[in-house]
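Each chain gets a letter, A, B and so on, in the order its sequence line appears, and its residues count up from 1. Just so you know, these numbers come straight off a predicted model, no measurement behind them. Side-chain atoms are counted along with the backbone in the values below, which use heavy atoms only and exclude waters and symmetry mates.
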Amino acid sequence: MTHFILGDLTWAALPHAWYTIGATGTIFVGGIVVMAVITYYKKWKWLWKEWFTSTDPKKIGIMYIVMASVMLFRGGLDAMMIWLQQSISVGNAPGYLGAPSGYLDASHFQQIFTSHGDIMVFFVTMGFFFGLMNLIVPLQIGARDLAFPFLNSLGFWLYVAGAVFINMFFVIGGEFAASGWLSLPPLSEIMYSPGTGVDYWIWSLQLSGLGSLLGGINFIVTIIKMRVKGMTLMKMPLFTWTSLCSMALVVAAFPVLTITTLLLWYDRFFGMHFFTTTAGGNPMLYVNLIWMWGHPEVYILVIPAFGIFSEIVATFSGKKIFGYVSMVCAVICITLLSFMVWLHHFFTMGAGADVDAFFGIMTGIIAIPTAVQIFNWIATMFRGRIRFTTPMMYFMGFVSLFTFGGMAGVLLSIPGADFELHNSLFLVAHFHTMIVSAALFGIFAGITYWFPKIMGFKLNEKIGRRAFWLWIVGFFVSFTPLYILGFMGATRRLDYYATATGYQPFFITAGIGVCIIAAGVLMQVWQVVVSVRERKDNMDTTGDPWDGRTLEWATSSPVPFYDFAKKPEADSRDAFWEMKKRGEWPRATARTEYEDIELSKNTGMAIYLSGFFFLFSFGAVWHIIWLMALGFVGCIACVIIRSFDDDTEYVIPAAEVEKMETLAWKK
Amino acid sequence: MNETNATAAQAAQADRHAFGFWVYLMTDLVIFGVLFAVYYVLKASTFGGPSSNDLFSLSTALTNTIVLLTSSFTCGLATLAAWSKKLNQTIAWLAVTFMLGATFLTLELSEFSRFMSAGASWQRSAFLSAFFTLVGTHGLHIAVGLLWIAVAIVQLKVKGLTPSVVSKLDRFTLFWHFLDIVWIFIFTTVYLMGIM
C-alpha cells in the first residue's frame, strides 16, 4: 500500500547532503521572499492576468528571457563549482566537506558536469532564443501574433516545467544524472545508474523538448503563412530567415531526442533492452541516435545568432548586408549539412576508415558556408560608417572568437587528429568557443539591440561595453588553457589528477578566467539596474533608436500589444529603410485610418496542462503509478476542454486603437 | 469587423491550422522513422529467444490491415459527408470508423497477450523490445485517434457542423490516414518480411 501511494519515495529522498540542503534552503527561502514581496504589493492578480496567462508573444518572450537569465546563473554556478574542484583537486592535497580530494566527491562532481551542460543548452540558450524570436520575428514580418498563440503559451510553460524539474532533485531525491549531458548508456542504464538521477534528466528533457517542438511548429507556420503583403521569402530580414532554418531543425531533430530518451526510460522502467549490454541491446545505437539530434542541436543554438549579428552589422555599419542571397544560401546549406555529420562525435566508435572519412569530409565542408557568412559580415563593415555600440562590440568579439574556434573545429574534423583529441579538454575548449561566441554573445548583442524596442529605453552603453570586455578577456583567460590542457592529455570530467601531470597551473589560470567572466555577468546585472534607474535619460521616443533597417522599428517603443496599428507593407529587403528614404517616416507624415484588430485571449489552460505533465513526469521518476495516471488524464482533459472553446479571440475597435496610438506618439 | 473580413480571417486560420498539423505529422513521422530504424537494427538480436518467424502470424496481420484500411475508407466517407453538410451521416461514418479502429486495437492487444503468454515479452530480447515499442506506439496513436473520434462526435452533436468543428475533423482525417500509411510500412517491413 505504501508503495502504491509513494512509489519509490522514502525518507532517504529528502535532502541530507550539504549541497542539497543548501539548494533546498535557497529555493524555499528565495521562494518565500518572492511570494511575500508579491503578496505585499498585491501583485498576484496582476501577474496572473497580465503575464502568466498571456498569449501575447512579447510578454511570453520577456518571460522566456527572465527564466533563461535565472537559469544562466544556475548553470554559471555549476561552471564555477567545476573549476574550483579542478583547481584544487590534485595530488595529495587535502579534501574538504568530506570529499577525498577537492571539495566534491566524484559522483557529485559528475552530476554538476551533467547539469551544467544540460542547463546551458536547454534552459539558457534555447530559452533566450525562443524569447528573442517571440519578441522580434512577428514584428519583422509585420504580424500581430504567432500562428498558434495558445501553443506558444504552452511551449513556454512546458519549458518552465522542465526548468523546475531539472532542479527538483535538490529537494526530492538528492541526486542528478552523473552520466554526462547526453547520459550515454550503458552507464545511464538502470544497472549502473540505479538512482533517480537519470530519470530526472530524461523527464526534464521530455518536458522542455516538447515545449521546443511546439515552438518550432509555431514559428514555421508563422513565418511561412503570416508575412505582410509584399514580403516574399527572399525579402525576409535575415533574423527571420535564420529563425526559420533553426526551427526547421527543431522540428526535424527534436522528435529524435524525445523518442531516444524515452527508449532509454523504457529500458529503465519496463526492463526493455534497447541499449543495455545484455539481451541483445546495443548502446552504440543510442549514441548514434542522440547525436542525430545532438549535432543539429548545436546549429539550433548558433543559427539564430547568425541572423541577429547580420541585423546588427548592417544597422551599425549603415549599409545593407553584403551578399544577402549568399547569406541565405549559406544558412540553408548549414541547416542541411548539420544532419550529415553526427558521426564525427564518435569517430572512435570504430566504424571503419570509409565511414570516418565521409563524416570527416562532410564536417570540413561546413566550414565553407560558415566562412561565406564571415566574409559577408566583414564585407558589410568594409567602407561602412561603423558605430561602435555594445551590440557591435559583441559582434566583433564573435567574429574573431568564432573564426578561432571554427578552425579548431576543422582540426577536429580530421578523424586521425580526432582520435587523439576525442573527449579531451581541447574539444571542450572548441565547443565552448563556438557556443559562447555565437550563441551567448549573439543573445547579449540581440538583447542590447532590441531592448529599447521592447522596454522603451536603451541599456547603458558605457557599462555594456565594460561588460563586453570582461566577458571576452575572461573567455580567453579561461579557455586558452583548456586548449593547451587538451594537447597535454587532460580529458573532460576530471575530478582529480596527479601533480606530475602539470595540469594545475592551467586549471588555476582557467579559474581566474571564470572569475573575470563572473565579473562580466555582475557588470551586466549592474547595467540593467543602472539603465532602469536612469531610464528617463535613455528613452526611445522615435521607435527607431539605432537608425534601423527592418520592420520591427516601424512602430512605437515600447511596442504596443497589437504590434502595428496598421500593418506595414514590404516591397524590398530593408523595408523600413526604404520607408524612411521615401519620407514615410516619422509616422506623423503617414497617418492613415485605423482598423479593428483581432487578438487572442488570455488562457490559463497552458499552465494547467504543463502542471499535469509535470505531475506525470514526477510519477514516472518515482514509479508512482496513480500520479502518472492522474497527470495523463489531466493532460487529456485539458486538451479536450480547450478543443470545445471556440471563443478564443477578442477585437479591439478601431477607435480605441487610434486613442492608444495618439497617446503613444505624444511623448 | 465585417462579414467578408471575418470569413477571410476564418479561412486563413483554417489554412494555418492545416499547415501546422502537417508539420506536426512530419515530426510524428520522424518518431516512427526512428522506431523503424531501431527495429531494423535490433531485429536479429533475439538473444536466443523467439524470432519474428516463430511469432508472427500472417492471418492476424492481414486481418488487422484490412480492418484498418477499411476504417480509413469510412473515415473518408465521414469527411465527404461533413463537407456536404450531412450531420447524421457524418456521425454515422465516424461511429463506423470508431468500431473498426476499436476492432483493430482489440486484435492487436490480443496478439500482444498471446506473445506474452508464450514467454515473448518485451523484456525477453532487444528484438522484442523494439517490436513492442514500434507496434505499440502505433497502437497508442490509434487509441488517441479513437478518443478523438469520440470527442468529435460529441462536438458534432453539441455544436453541429460549424467551421471550427469541420476544420478539426479534417485534421483528424489527416491523422487517421497518416496512421494507415505507417501501418502499411509495419505490415510490409515488420510482419511480411518477418515471416519471409
Next on the checklist: For Phe275(A), which atoms come within 4.5 Å of any heavy atom of chain B: side chain, backbone, both, or neither?
Outcome noted: neither

Item to check | Contact class of Ile31(B) relative to chain A, heavy atoms under 4.5 angstrom | outcome: both

Checklist entry - Quick one: what part of Met292(A) sits under 4.5 Å from any heavy atom of chain B, side chain, backbone, both or neither? => result neither

Checklist entry - Heavy-atom distance under 4.5 Å to chain A: side chain of Leu29(B), backbone, both or neither? => result neither

Item to check | Arg144(A)/Glu649(A) salt bridge by N-O under 4.0 Å criterion | outcome: no

Item to check | Test item: side-chain donor near acceptor, Thr133(B) and Trp122(B), under 3.5 Å | outcome: no

Item to check | Leu214(A) portion near chain B, given a 4.5 angstrom heavy-atom threshold | outcome: neither

Item to check | Side chain, backbone, both or neither of Tyr266(A) within contact of chain B (heavy atoms, under 4.5 Å) | outcome: side chain

Checklist outcome for this item: Here the gap from Thr79(B) atom OG1 to His177(B) atom NE2, rounded to the nearest 0.5 Å, amounts to 5.5 Å

Checklist entry - Using the benzene-type ring in the case of Trp, are the ring centres of Tyr39(B) and Phe36(B) under 6.0 Å apart? => result no

Checklist entry - Can you tell me how far CD1 of Ile597(A) sits from CD of Glu656(A), rounded to the nearest 0.5 angstrom? => result 10.0 Å

Checklist entry - Taking atom types as modelled, is there a side-chain donor on Thr97(B) or Thr74(B) under 3.5 Å from an acceptor on the other? => result yes

Item to check | Proximal component of Leu147(B), with respect to chain A [non-hydrogen, under 4.5 Å] | outcome: side chain

Next on the checklist: With a 4.5 angstrom heavy-atom cut-off, is it the side chain or the backbone of Thr222(A) that approaches chain B, or both, or neither?
Outcome noted: neither

Next on the checklist: Which label fits Phe127(B) and Phe56(B): parallel for a plane angle under 30°, tilted from 30 to 60°, or perpendicular past 60°?
Outcome noted: tilted

Item to check | Interface moiety of Ile636(A) toward chain B, non-hydrogen atoms closer than 4.5 Å | outcome: side chain

Checklist entry - With only heavy atoms counted, which part of Ala252(A) is less than 4.5 Å from chain B, the side chain, the backbone, both or neither? => result backbone

Next on the checklist: Below 4.5 Å, heavy-atom pairs only: which of Gly280(A), Ala253(A), Ala279(A), Gly271(A) has the largest tally toward chain B?
Outcome noted: Ala279(A)

Checklist entry - With a cut-off of 6.0 Å (strictly less than), are more than 12 heavy atoms of other residues, nucleotides or ligands near CZ of Phe185(B)? => result no

Item to check | Side chain, backbone, both or neither of Leu262(A) within contact of chain B (heavy atoms, under 4.5 Å) | outcome: neither

Checklist entry - Is a donor on one side and an acceptor on the other found under 3.5 Å between the side chain of Ser117(B) and the backbone of Arg114(B)? => result yes

Checklist outcome for this item: Assert top hit (heavy-atom pairs under 4.5 Å, partner chain B, pool Asp267(A), Ile224(A), Thr260(A)) equals Ile224(A)

